[in-house]
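So that the names make sense, note that chain A is the first sequence line, chain B the second, and so on, each numbered from 1.
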There are 2 protein chains.
Amino acid sequence: MEKKALKQRILESSLELFQKNGYHGVTVEQIVEKANTSKGGFYHYFKSKDELLYEIHDVFISYVIKKAQETYDEYETPILRLCGMLHSFIKVFDVYNPYITVFYQESAYLQAAYKEVINEKRDQYRKLIERVIKEGQERGDFRREVPANIATMSIIGMINWSYKWYKRDGPLSIEQIGDVFRDLILHSIATEEGLTEASEQNQLLGKKEIVSEK
Amino acid sequence: MEKKALKQRILESSLELFQKNGYHGVTVEQIVEKANTSKGGFYHYFKSKDELLYEIHDVFISYVIKKAQETYDEYETPILRLCGMLHSFIKVFDVYNPYITVFYQESAYLQAAYKEVINEKRDQYRKLIERVIKEGQERGDFRREVPANIATMSIIGMINWSYKWYKRDGPLSIEQIGDVFRDLILHSIATEEGLTEASEQNQLLGKKEIVSEK
DNA sequence: TTGCTAAGACCGACCAGTCGGTTTGTTCAA
DNA sequence: TTGAACAAACCGACTGGTCGGTCTTAGCAA
């Protein structure tokens, strides 16, 4: 934590500390010390500790939305779009890992005004996934009897929860986990036709299908 | 909050407040006021605010484990066991709703010693589900190519996440959600044979299959 | 009288945020 | 080229308020 711009240093230091001790388990004093600066430096860049928390939230959710939207635009079919979004979101876990923990653990402590902004964006993300699923149902790729909103939340839940157990240095790589998630999700909502289409398309893109070891 | 034993009143009051404002967003003073007692009353029953948090965690996770174990013992086949455990866990959301929120939101703030005890129990629960899945794979009910540990965490994640969006007075009943979850999970991990077996058995137990509206 | 339960005034540590200041960088007139 | 004038970046001692926890006292049942 040295040469970078001070604001960035503060963000990274706080993130690391928040992840370990929670927002309320960390004092501004500690952040300032880890970032190698002072109270003055901190309050020069942030109006308050609350604002810092908000900024962490906003950086993260904005990035996730951007990635999802890009993926949506990149592909044409619901299946490819869904797989792509899964893939991109899973990958965020590697890069933005500390952000994620703070995002899901501490959002309760956002001030009301900030919380509203974040919830708005969170909803935007949800709606994009739901849209992909609905389009897939219309096209016959996904089973129509599954309520799209519940399916959406299931998928989001399944992935999001991994922030609780996934460890970068654990036995499972993020790619492995992503492949299994894709497999599970496709099997859970795709129709027969959708499933075969999916395995064809994913083969084209060089994505691994999970297979029995023996 | 009146007639009941004071300890229970304190628990319920704190739960309600924690759910709304988070552990650190609530003072002992507020708890005491809502429970219609005093600091003296509070510290007579709890060594500290931390201990109260621990007790909330413990009551919840112990109940969940007990229910899961009972369900395991009640049924014979992996499919019935899994469906039963889903059902019982989903139902906990209605009864123990405030506990769940606190459990998943505030466990970061448990003191190290307490945290260890809770993690131990949490693991116990995870292993029970994983066991059912592995037994199902051996029996040919569940697809063998799916890693049991990831499947377990997917299922847990899917269900757990619903504490973030499920509302008791929302448009979706807990039974509806549970039915959809069961459908999604079975489709995601069951084999062809497992699926047909599941629909037969669930029909016997009077559980609804989800169907297209039109 | 004894012993459990509870009341509530009080304490002291802790911590977000302030404020008067210094240092560093930038601009521009002479 | 210089250095005066200004501004932005950064420092850290201090404060005011908050809140978990203590302690003395009081009610009351047995």
Side-chain angles (χ1 to χ4, degrees), chain A residues 1-58 102 105-115, chain B residues 1-58 102 105-115:
Chain A
M1 298 285 156
E2 267 301 337
K3 291 279 149 124
K4 297 175 195 171
L6 179 56
K7 185 167 180 179
Q8 193 58 30
R9 258 159 51 215
I10 294 176
L11 269 171
E12 288 173 15
S13 303
S14 69
L15 230 12
E16 218 172 301
L17 290 167
F18 287 163
Q19 187 177 21
K20 200 180 297 175
N21 307 109
Y23 178 71
H24 291 280
V26 175
T27 68
V28 174
E29 198 61 50
Q30 289 173 294
I31 297 171
V32 148
E33 192 182 350
K34 184 163 191 126
N36 216 358
T37 178
S38 64
K39 280 280 186 79
F42 182 95
Y43 283 97
H44 180 71
Y45 287 106
F46 298 96
K47 277 215 307 285
S48 63
K49 196 186 172 192
D50 292 281
E51 201 196 56
L52 166 64
L53 184 63
Y54 165 71
E55 208 148 305
I56 290 172
H57 275 71
D58 195 59
V102 174
Q105 205 77 247
E106 311 292 344
S107 60
Y109 294 114
L110 278 175
Q111 281 180 359
Y114 291 142
K115 202 182 276 183
Chain B
M1 297 288 154
E2 269 300 336
K3 293 278 151 130
K4 297 176 198 173
L6 180 54
K7 184 167 183 181
Q8 193 57 30
R9 257 158 51 214
I10 294 175
L11 269 169
E12 287 173 16
S13 303
S14 69
L15 231 13
E16 217 172 301
L17 290 167
F18 288 163
Q19 187 177 23
K20 200 181 295 175
N21 307 108
Y23 179 70
H24 291 280
V26 175
T27 68
V28 174
E29 197 60 50
Q30 289 173 294
I31 296 171
V32 147
E33 191 182 351
K34 185 165 189 123
N36 215 359
T37 179
S38 64
K39 283 275 187 84
F42 182 95
Y43 283 96
H44 179 72
Y45 288 106
F46 298 96
K47 278 217 304 289
S48 64
K49 196 186 172 192
D50 291 280
E51 201 195 55
L52 166 64
L53 184 62
Y54 164 71
E55 206 146 310
I56 289 172
H57 275 72
D58 195 59
V102 174
Q105 205 77 247
E106 312 291 347
S107 59
Y109 295 114
L110 277 176
Q111 281 180 358
Y114 291 144
K115 202 183 276 183

Measure the shortest side-chain to side-chain distance between I10(B) and K7(B) over non-hydrogen atoms and say whether it is less than 4.5 angstrom.
no
Any heavy-atom pair between the side chains of L52(B) and Y45(B) that's under 4.5 Å?
no
Base of dG21(D), side chain of K39(B) - is there a donor-acceptor contact under 3.5 Å?
yes
Using OP1 and OP2 only, check whether a side-chain N or O of [X] sits under 4.0 Å from [N].
X	N	answer
S38(B)	dA7(C)	yes
H44(A)	dC10(D)	no
T37(B)	dA7(C)	yes

[N] [atom2] sits how many Å from [X] [atom1], rounded?
X	N	atom1	atom2	answer
I10(B)	dT5(C)	CD1	C1'	11 Å
H24(A)	dC19(D)	NE2	C1'	13 Å
Q8(A)	dA9(D)	CD	P	16 Å
I31(A)	dG17(C)	CD1	P	11 Å
L17(B)	dC19(D)	CG	C1'	15 Å
Y23(A)	dC15(C)	OH	C1'	12 Å
E51(A)	dG17(C)	CD	C1'	13 Å

Sugar-phosphate, base or nothing in reach of [X], heavy atoms under 4.0 Å:
X	value
V26(B)	sugar-phosphate
F42(B)	nothing
F46(B)	nothing

Nearest of [options] to any side-chain atom of [X]?
X	options	value
K49(B)	dG8(C), dT5(C), dG21(D)	dG21(D)
S48(A)	dA6(C), dG20(D), dG17(C)	dG17(C)
Y43(A)	dA6(C), dT18(C), dC10(D)	dT18(C)
L6(A)	dC19(D), dG8(C), dC10(D)	dC10(D)

Spacing of L17(A) atom CG and K34(A) atom NZ [to the nearest 0.5 Å]
5.0 Å
Could you tell me which non-hydrogen atom of K49(A) sits nearest to which non-hydrogen atom of V26(A), and how far apart they are?
NZ-O, 2.7 Å
Measure across D50(B) and Y109(B) and return the closest heavy-atom pair with its distance rounded to 0.1 Å.
OD1-O, 4.1 Å
Whichever of E29(A) and G40(A) has its nearest DNA chain C nucleotide further upstream toward 5'
E29(A)
